[in-house]
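To start, the structure itself, in structure tokens.
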Amino acid sequence: GENVEQHPSTLSVQEGDSAVIKCTYSDSASNYFPWYKQELGKRPQLIIDIRSNVGEKKDQRIAVTLNKTAKHFSLHITETQPEDSAVYFCAPQISSGSARQLTFGSGTQLTVLP
Amino acid sequence: DVKVTQSSRYLVKRTGEKVFLECVQDMDHENMFWYRQDPGLGLRLIYFSYDVKMKEKGDIPEGYSVSREKKERFSLILESASTNQTSMYLCASSPTGWQGSPGANVLTFGAGSRLTVL
């Protein structure tokens, strides 16, 4: 299966600063790159995703950038707020037909300090 | 509007007991997954299913089995629970879709089942 590494494992930022989380994957056939957010005690939920025909996607304060050559993609959060505090997971995969083994990164605990 | 429902939020079982964790989705998704979540280890895939009666092993299938007799229901079975299976179990589902189709590959998770094995 896919070998997925996510860095850093923990990240603390001051409110209003930016945060960047990086996900490195091994399978060059991967073509779908989502980020999930899990708030304390809640289920993971998709916050942003990108497909391999684009290099960057933005949604208000969050963005995802993709470097297929280097096999990594990153989550960018600008103007962080306390409600951004959560664990973030990446899950690169091949998007084609039926489900394949889907491997998540080990997660990044983001803490936004007021 | 809960779309993936896990039957039990909290369970306490004894070593050696048989445990059933049930998951039901109402979105007509083809794919269903069982993950285990432990601190520092992220989400680890136990089993997944891409169709009724079809199943495939994930990264950590040992000690677990699954059943998918109906499209909407995916059950995780611990034949003989052990203390090292104490964990949070998350079920998820996703639609089969081709590159770019709306919602393709997006996982919807259940609220989780926290299992304690004594």
Side-chain angles (χ1 to χ4, degrees), chain A residues 1-10 21 23-26 29-54 57 59 64 66 68 86-109, chain B residues 2-6 9-10 23 25 29-52 54-61 68 74 88-114:
Chain A
E2 179 98 81
N3 184 24
V4 181
E5 293 189 2
Q6 192 176 328
H7 296 283
S9 57
T10 60
I21 304 169
C23 183
T24 304
Y25 59 95
S26 60
S30 294
N31 57 5
Y32 174 62
F33 307 95
W35 285 97
Y36 288 82
K37 175 184 180 182
Q38 186 178 27
E39 296 178 52
L40 188 62
K42 297 192 175 180
R43 68 193 77 191
Q45 290 191 299
L46 178 77
I47 54 169
I48 195 167
D49 58 9
I50 194 170
R51 300 189 188 266
S52 60
N53 54 342
V54 296
K57 183 178 177 181
D59 183 3
V64 55
L66 172 64
K68 281 213 79 179
V87 179
Y88 292 82
F89 296 98
C90 63
Q93 61 194 275
I94 300 167
S95 169
S96 59
S98 298
R100 293 170 180 246
Q101 178 141 331
L102 176 52
T103 300
F104 280 78
S106 54
T108 297
Q109 172 70 62
Chain B
V2 177
K3 297 174 179 171
V4 179
T5 304
Q6 294 185 227
R9 288 299 308 272
Y10 301 95
C23 176
Q25 51 96 2
H29 286 171
E30 292 80 8
N31 309 314
M32 297 189 75
F33 304 82
W34 273 107
Y35 286 91
R36 172 176 171 161
Q37 185 171 28
D38 300 288
L41 297 177
L43 294 161
R44 292 182 292 167
L45 181 64
I46 304 171
Y47 269 96
F48 68 100
S49 168
Y50 54 89
D51 202 350
V52 175
M54 305 305 290
K55 60 186 178 184
E56 291 203 24
K57 294 179 180 179
D59 296 314
I60 52 164
R68 193 162 181 206
F74 192 36
M88 170 68 83
Y89 292 88
L90 285 165
C91 174
S93 69
S94 73
T96 291
W98 298 95
Q99 174 82 313
S101 60
N105 305 104
V106 176
L107 265 67
T108 300
F109 283 88
S113 298
R114 183 166 293 283

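Just so we're on the same page: letters track the sequence lines, and every chain starts at 1. Note that the structure is predicted; figures quoted are calculated from it, not measured.
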For B:Phe74 and B:Tyr47, I'd like to know if the aromatic rings sit close, meaning centre-to-centre distance below 6.0 Å.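 Centroid distance B:Phe74-B:Tyr47: not below 6.0 Å, so no.
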Examine whether an atom of A:Gln6 lies under 4.5 Å from a heavy atom of chain B, and if so say whether it belongs to the side chain, the backbone or both; otherwise answer neither.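 A:Gln6 has no heavy atom closer than 4.5 Å to chain B.
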Checking heavy atoms, do the side chain of A:Pro44, its backbone, both or neither come under 4.5 Å from chain B? both
Is any side-chain heavy atom of A:Ser30 closer than 4.5 Å to one of A:Gln93? no
Given a strict heavy-atom distance threshold of 4.5 Å, which part of B:Leu90 is in contact with chain A: side chain, backbone, both, or neither? side chain
Parallel, tilted or perpendicular: which describes the rings of B:Phe33 and B:Phe48, with under 30° parallel and over 60° perpendicular?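 Plane angle under 30°, so parallel.
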Name the orientation class of the two ring planes belonging to B:Tyr35 and A:Phe104 (parallel below 30°, tilted from 30 to 60°, perpendicular beyond 60°). perpendicular
